[in-house]
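One structure is given here, and the rest of the page talks about it.
Chain A is the first sequence line, chain B the second, and so forth, proteins listed ahead of strands; every chain is numbered from 1.
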Protein chains: 2
Amino acid sequence: MSIKDVAARAGVSWKTVSNVVNERPVVRPETAERVRGAIDELGYVPNHVGRDLRGGSTRTIALVLPELANPYFAILAERIQKAAGERGYTVSVELSLGDREVERDHLVGRTARPVDAVILSPMALEPSDLVGLSAATPLVLLGEAVPAGENVFHVAIDNAGSAVDVVRHLVDGGRSRPLFLGAEEGQRSTGAERLAGFRAACRYAGIELDPSLIRRADVWDRATGRAVVAEAIDGGLAFDAIVAANDLLGIGALAALREHGRAVPDEVAVVGWDDLPESAYAVPSLSSIAPDLEALVSAALDAAMGVMPTAGDRVGVAAHEIVVPHRLQVRGSSVSAGSARR
Amino acid sequence: MSIKDVAARAGVSWKTVSNVVNERPVVRPETAERVRGAIDELGYVPNHVGRDLRGGSTRTIALVLPELANPYFAILAERIQKAAGERGYTVSVELSLGDREVERDHLVGRTARPVDAVILSPMALEPSDLVGLSAATPLVLLGEAVPAGENVFHVAIDNAGSAVDVVRHLVDGGRSRPLFLGAEEGQRSTGAERLAGFRAACRYAGIELDPSLIRRADVWDRATGRAVVAEAIDGGLAFDAIVAANDLLGIGALAALREHGRAVPDEVAVVGWDDLPESAYAVPSLSSIAPDLEALVSAALDAAMGVMPTAGDRVGVAAHEIVVPHRLQVRGSSVSAGSARR
DNA sequence: CTGAAAGCGCTTACAG
DNA sequence: CTGAAAGCGCTTACAG
């Protein structure tokens with residue numbers, strides 16, 4: 001079942017079928033109609049492999065994510081795939097599983113099948129992998145800031161700024177000893193930026209940060225959040241709030257606090273990032289920084305498809321930095337039921 | 001950068017490069033070594049599009065799922081992708097978003113790019129879509145049973161049997177008015193099979209089932225679970241247990257019970273299916289039927305790759321039915337803290 | 001507006 | 001063991 005069968009059926013050359021399929025306005029309407037009829041009758045679907053091999057646009061975008069077990073990535077994948085589909089694009093979801101080599105291969109387009117663009121959420125990349133990077137095909141980095149070059153974009157919320165919002169909310173609620181859960185080394189990783197905003201806001205608020213209040217988390221999942229907080233409590237550390245670098249860590253923190261008899265939010269407030277659906281069902285429900293996913297998805301796709309994003313973009317020296325809005329979704333984990341506070 | 005560049009570099013014909021890449025044992029070891037050297041130096045990655053077009057194996061499997069927002073599917077996708085990668089296969093994750101047409105296209109291979117096999121978790125398929133189905137390429141149906149034909153496989157847990165396990169557990173705990181949440185019409189859908197097992201076990205236990213205890217859920221998510229249970233409570237319905245057709249519904253049920261002041265598990269026990277990671281963090285933690293995901297993944301891949309699954313398979317009249325083990329993970333939502341009952 | 005030719009990168013027979 | 005040819009389905013120039 002190929003373009004030739006359709007051509008034979010419609011009584012035209014296969015080139016004409018190609019023109020109809022690609023909606024090129026060079027075919028006489030009645031001919032086009034006849035061709036479309038033949039396509040329907042035969043149930044013909046154009047074989048993209050032919051196009052792909054020929055070169056030119058594949059209408060496919062690779063989406064490279066560390067994992068899908070974190071619902072944030074799963075939901076992101078679903079929304080990007082849906083939005084891309086509406087624009088006539090196919091998304092190929094690739095899992096890096098935190099393998100630097102895999103991420104690097106996608107970064108430089110060393111892959112077995114061609115794509116028009118790559119949207120990559122880095123996890124294991126080293127800064128050196130990004131130095132002097134300039135892509136033949138659009139490359140959109142999510143989450144990690146990058147001193148990027150030609151054709152390289154960066155789409156994310158203002159991580160440091162959102163951390164400031166979290167600290168302000170906690171300070172407004174009377175908290176004075178916040179623990180940061182999910183600290184990361186490095187300059188530009190998500191964890192490092194959230195921590196930097198946290199530190200700055202604490203300093204502004206006159207909070208002195210005991211180094212033991214800054215805790216790393218090897219993996220940003222529920223079990224690690226629970227273990228790190230349990231360890232902090234068992235170690236006798238005093239704190240009245242937890243700023244968790246993502247909601248999964250925050251949900252783990254809630255479990256540890258519950259198991260150790262610490263009342264949330266009365267004794268300890270908890271706030272996370274991502275605003276996962278399950279966070280609204282946590283007990284107590286988890287306050288969280290909610291990225292504007294719709295804006296994030298459309299900015300990433302605009303950049304990937306070569307449409308310069310207009311609203312809210314900030315073009316840096318060499319890189320295209322797109323900052324997506326966020327808001328703090330306040331829930332029961334950071335505000336007492338009786339309180340009427342924002 | 002193509003096979004020809006590598007051939008030139010290594011001083012052999014490109015056919016020889018192809019033989020090395022495909023590990024055909026017809027190349028002299030020293031020649032192969034030289035070719036591999038050239039491949040590394042040039043950073044050559046074989047272009048799969050050439051292979052795909054040529055016909056023969058693509059080493060790619062399409063995984064068609066309704067969505068990724070349900071963590072069960074997200075985790076399944078991740079595990080299938082990981083396991084397939086270890087076997088040298090690529091997985092292409094496609095979202096049907098509950099669109100019958102999309103599911104049907106994949107069912108009959110009417111897609112833009114060829115794959116070696118399709119693993120499909122149906123959501124919107126009608127029974128008539130499956131009648132007389134026989135696939136040119138292996139087709140693995142997950143979740144829905146199917147009266148299938150040549151090259152069509154079915155991999156799932158024993159849905160009815162697992163529902164019996166749930167009811168037995170509840171009856172052992174002294175429950176006598178269980179509500180079923182997530183009832184479905186039809187003969188062979190997941191919801192229908194779980195409901196059938198539920199009904200049978202209740203009858204065996206001498207429990208009379210008021211029809212109002214059988215509740216539908218249009219979508220199997222948290223919000224719907226919450227809404228349906230809230231409605232049941234508001235309607236004055238009496239029940240002492242909820243059998244939720246999946247964990248998301250169960251988590252929604254827990255929220256509704258909490259909001260209505262019903263103690264879990266003392267007044268109402270709750271059990272779900274899927275054993276999501278978040279279920280262990282629910283409050284109280286949610287009891288659930290845990291499918292053996294490792295067995296499910298490897299059975300699905302075996303079938304997709306044309307390896308006849310051996311362990312635990314049951315070959316039906318025309319169809320290949322593979323039944324995967326499950327177990328009931330008992331947690332706080334169905335057993336009082338003090339109780340030592342299984 | 002339509003037709004005939006060339007070529008994308010690869011693999012599969014077929015010769016040597 | 002290695003080489004030269006054909007062809008997978010499509011699109012891109014190039015003629016008519």
Side-chain angles (χ1 to χ4, degrees), chain A residues 1-39 42-60 88 90 109-116 136-137, chain B residues 1-39 42-60 88 90 109-116 136-137:
Chain A
M1 178 67 55
S2 83
I3 201 171
K4 288 179 190 166
D5 301 307
V6 177
R9 177 78 163 210
V12 298
S13 87
W14 46 315
K15 159 65 187 173
T16 302
V17 178
S18 170
N19 281 333
V20 172
V21 167
N22 292 289
E23 291 172 336
R24 270 184 277 270
V26 291
V27 185
R28 211 182 314 155
E30 56 207 57
T31 309
E33 204 38 67
R34 195 149 38 93
V35 170
R36 271 191 287 270
I39 287 174
L42 296 170
Y44 166 72
V45 176
N47 183 341
H48 275 266
V49 177
R51 298 184 186 178
D52 295 349
L53 186 55
R54 187 63 192 74
S57 171
T58 61
R59 306 226 104 202
T60 297
T90 296
R110 194 164 47 225
T111 55
R113 292 188 177 85
V115 290
D116 286 2
T137 215
Chain B
M1 177 66 54
S2 83
I3 201 171
K4 288 178 190 165
D5 302 306
V6 177
R9 178 79 164 209
V12 298
S13 88
W14 46 313
K15 159 65 187 172
T16 302
V17 178
S18 169
N19 281 334
V20 172
V21 167
N22 292 288
E23 292 172 336
R24 269 185 278 270
V26 291
V27 185
R28 213 181 311 154
E30 56 208 59
T31 309
E33 204 41 64
R34 196 149 37 93
V35 171
R36 271 191 288 269
I39 288 173
L42 296 171
Y44 167 72
V45 176
N47 183 340
H48 274 266
V49 177
R51 298 183 186 178
D52 294 349
L53 186 54
R54 185 66 193 75
S57 173
T58 61
R59 304 226 106 204
T60 297
T90 296
R110 194 163 48 224
T111 56
R113 291 187 176 87
V115 291
D116 286 3
T137 214

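Closest to the side chain of Ser13(A), out of dA13(C), dG9(D), dG3(C), is dG3(C). Distances were taken from every side-chain heavy atom of Arg54(A) (C-beta onward) to each of dG7(C), dT11(C), dT2(D); the shortest belongs to dG7(C). Of the candidate nucleotides dC10(C), dG3(C), dT11(D), dC10(C) has the atom nearest to the side chain of Tyr44(B). Closest to the side chain of Ser2(A), from the set dG9(D), dC1(C), dT2(C), is dG9(D). Of all nucleotides listed (dT2(D), dG3(C), dT11(C)), dT11(C) comes nearest to the side chain of Ile3(B). Nearest to the side-chain atoms of Lys15(A) among the listed nucleotides dA6(C), dC10(C), dT12(D) stands dT12(D). Distance from the side chain of Val26(B) is smallest for dT2(D) among the nucleotides dC10(D), dA6(D), dT2(D). With dC8(C), dT2(C), dG7(D) as the candidates, the nucleotide lying closest to the side chain of Leu53(A) is dC8(C).
Side-chain contact annotation: Thr60(A) with Arg113(B), donor-acceptor N/O pair under 3.5 Å present. Side-chain atoms of Thr58(B) and Asp116(B) include a donor-acceptor pair closer than 3.5 Å.
One atom, CG of Asn22(A), and another, P of dT2(C), lie 15 Å apart when rounded to the nearest Å. Rounded to an integer number of Å, the gap from Asn47(A) CG to dG9(C) C1' is 14 Å. Between the C1' atom of dG9(D) and the CG atom of Asp52(A) lies a distance of 11 Å, rounded to the nearest Å. As rounded to whole Å, 16 Å separates atom C1' of dC8(D) from atom CZ of Arg51(A). Here the C1' atom of nucleotide dT2(C) and the CZ atom of Arg28(A) are 9 Å apart, to the nearest Å. Remark: C1' of dC8(D) and CZ of Arg113(B) are 16 Å apart, rounded to the nearest angstrom. Counting to the nearest Å, the P atom of dG7(D) and the CH2 atom of Trp14(B) are 14 Å from each other. Atom NE2 in His48(B) sits about 16 Å away from atom C1' in dC8(D), given to the nearest Å.
Rounding to the nearest 0.5 Å places CZ of Arg24(B) at 5.0 Å from NZ of Lys15(B). Taking CG of Asn22(A) as the start and CZ of Arg51(A) as the end, the distance is 5.0 Å to the nearest 0.5 Å. The structure places CG of Leu53(A) at 6.5 Å from CG of Asn47(B), a figure rounded to the nearest 0.5 Å.
A sub-4.0 Å separation between OP1 or OP2 of dT11(C) and a side-chain N or O of Ser18(B) is present. Residue Thr16(B) places at least one side-chain N or O under 4.0 Å from the OP1 or OP2 atom of dG3(D). Between Arg24(A) and dT12(D), a side-chain N or O to OP1/OP2 separation shorter than 4.0 Å is present.
Tested against Val21(A) for a side chain to side chain contact (heavy atoms under 4.5 Å, CB included), the candidates Ile39(A), Ile3(A), Val35(A), Val6(A) yield a single pass: Ile39(A).
Residue order along DNA chain D, read from the 5' end via each residue's closest nucleotide, puts Gly50(B) first among Gly50(B) and Asn19(A).
dG3(D) is paired with dC14(C) under the Watson-Crick or G-U wobble criterion, all donor-acceptor distances under 3.5 Å.
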